[in-house]
Amino acid sequence: KESEEKFSLFLKNSKGRVLYVDFWASWCKPCLKEMPASKALVEKYKGKVGFVYLSLDDDLNAWRAALKKYDIEKPYLTNHFRIGPQSDAAILFDVQSIPRYLLIDKRGNFVDRNAKRPSDPELEEDIQRLMAEKIEN
């Protein structure tokens, strides 16, 4: 529950920039297969796009081991939350299977609840389109 509260606070504090949210787990082979492409996106858009990883892992140690093994925890670039499979976020977005991705615009609107995978070249077009949008205060 604490991780979910931190995620909610993070969302509130992230208005003004595009966010890409990744629902994953340490035991999910398709999720882990996407990690190299995801890491490349993080490096390309660091400082411009927020990357959020929401793990459905129940096992804290398995989650921590996966972060280390796949070299995906860079606190200055990404935000990681272990929310678990029965979390409010997983239920809210009806996460029935993973990997699952979301795109959030600068206003905090969920513009794509089934966003493209990191390995899909068209994802960058979606991200760049959202980055180019002007928001009025």
Side-chain angles (χ1 to χ4, degrees):
K1 204 69 175 168
E2 178 185 338
S3 194
E4 280 190 77
E5 290 169 8
K6 287 180 181 176
F7 173 59
S8 293
L9 182 61
F10 171 79
L11 284 180
K12 287 178 190 167
N13 293 331
S14 295
K15 284 194 178 167
R17 68 183 198 165
V18 175
L19 297 177
Y20 185 67
V21 181
D22 179 340
F23 285 93
W24 73 290
S26 64
W27 44 261
C28 171
K29 290 193 184 336
C31 300
L32 299 174
K33 186 178 178 184
E34 290 292 323
M35 287 303 173
S38 186
K39 283 171 51 176
L41 284 173
V42 168
E43 289 297 328
K44 182 172 184 173
Y45 291 102
K46 64 183 168 191
K48 299 175 186 167
V49 174
F51 290 88
V52 184
Y53 295 84
L54 301 179
S55 171
L56 301 186
D57 277 287
D58 277 327
D59 184 331
L60 177 64
N61 292 327
W63 173 62
R64 285 182 175 156
L67 291 175
K68 186 174 179 90
K69 179 179 179 180
Y70 294 95
D71 188 32
I72 54 175
E73 184 172 30
K74 293 187 177 181
Y76 60 95
L77 293 178
T78 60
N79 297 276
H80 293 273
F81 302 92
R82 186 179 63 91
I83 61 170
Q86 300 303 317
S87 68
D88 291 344
I91 293 166
L92 174 67
F93 296 110
D94 193 29
V95 178
Q96 299 292 320
S97 63
I98 52 176
R100 171 92 178 273
Y101 306 94
L102 307 173
L103 265 173
I104 302 172
D105 70 12
K106 294 176 185 178
R107 292 177 198 84
N109 298 317
F110 294 89
V111 295
D112 191 345
R113 292 174 184 252
N114 287 295
K116 296 168 183 73
R117 291 183 178 205
S119 60
D120 186 332
E122 292 181 17
L123 172 61
E124 286 199 56
E125 294 172 21
D126 295 344
I127 289 172
Q128 289 174 5
R129 179 179 42 81
L130 291 174
M131 287 173 56
E133 287 182 353
K134 302 284 185 224
I135 56 172
E136 298 190 21
N137 295 332

(message) Between Leu19 and Leu103, does the side-chain contact (heavy atoms from CB on, under 4.5 Å) criterion hold? Intermediate values first, please.
(response) CA-CA 6 Å; Leu19 297 177; Leu103 265 173; over 6 Å; no

Which atoms form the tightest heavy-atom contact between [X] and [Y], and what is the distance?
{"X": "Leu60", "Y": "Arg82", "answer": "CD1-NE, 3.4 Å"}
{"X": "Trp63", "Y": "Ser26", "answer": "N-OG, 4.4 Å"}
{"X": "Ser55", "Y": "Ala25", "answer": "OG-CA, 4.2 Å"}

Quick check: do [X] and [Y] have side-chain heavy atoms less than 4.5 Å from each other?
{"X": "Leu41", "Y": "Phe51", "result": "yes"}
{"X": "Arg17", "Y": "Lys48", "result": "no"}
{"X": "Met35", "Y": "Asp22", "result": "yes"}
{"X": "Ile127", "Y": "Val49", "result": "yes"}
{"X": "Lys106", "Y": "Val18", "result": "yes"}

(message) Listing request: all disulfide bond (SG atoms under 2.5 Å apart) pairs with a residue in residues 94-125, at least two apart in sequence or in separate chains.
(response) none

(request) Using the disulfide bond (SG atoms under 2.5 Å apart) rule, collect all pairs that involve residues 88-124, keeping only residues at least two apart or in two chains. (result)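 Every candidate disulfide bond (SG atoms under 2.5 Å apart) pair involving residues 88-124 fails, so no pair, neighbours aside, qualifies.
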
(request) Applying salt bridge (charged side-chain N to carboxylate O under 4.0 Å, His left out), name anything that partners Glu125, two or more places apart in sequence or on another chain. (result) none

(request) Report the residues that fulfil ring-ring contact (aromatic ring centres under 6.0 Å, His included) with Tyr101, sequence neighbours left out, ordered by chain and then residue number. (result)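 ring-ring contact (aromatic ring centres under 6.0 Å, His included) check on Tyr101 returns Tyr20.
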
(message) So, using ring-ring contact (aromatic ring centres under 6.0 Å, His included) as the criterion, who are the partners of Phe23 when residues are at least two apart?
(response)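 With neighbours one apart ignored, the set is empty.
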
(request) Verify side-chain contact (heavy atoms from CB on, under 4.5 Å) between Leu32 and Tyr70, making sure each step is shown before the conclusion. (result) CA-CA 8 Å; Leu32 299 174; Tyr70 294 95; 3.5 Å; yes

(message) For His80 and Tyr53, take the angle between the two ring planes, folded into 0 to 90°, and tell me which bin it lands in: parallel under 30, tilted 30 to 60, perpendicular over 60.
(response) parallel

(request) For Glu124, enumerate each residue passing the side chain to side chain donor-acceptor pair (under 3.5 Å) test, keeping only those at least two apart in sequence or located in another chain. (result) Lys44, Tyr45

(request) Would you please name every residue forming a side chain to side chain donor-acceptor pair (under 3.5 Å) with Asn109, sequence neighbours left out? (result)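 With neighbours one apart ignored, the set is Asp105.
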
Test of understanding: with side chain to side chain contact (heavy atoms under 4.5 Å, CB included), list the residues that count as partners of [X], not counting sequence neighbours.
{"X": "Pro30", "answer": "Cys28, Pro99, Arg117"}
{"X": "Asn114", "answer": "Arg100, Asp112"}
{"X": "Ala40", "answer": "none"}
{"X": "Lys116", "answer": "Asp120, Glu122, Leu123, Asp126"}

(request) Name all pairs fulfilling the salt bridge (charged side-chain N to carboxylate O under 4.0 Å, His left out) condition that reach into residues 56-70, sequence neighbours left out, sorted by first residue then second. (result)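 Applying salt bridge (charged side-chain N to carboxylate O under 4.0 Å, His left out) to every pair that reaches into residues 56-70, excluding sequence neighbours, yields nothing.
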
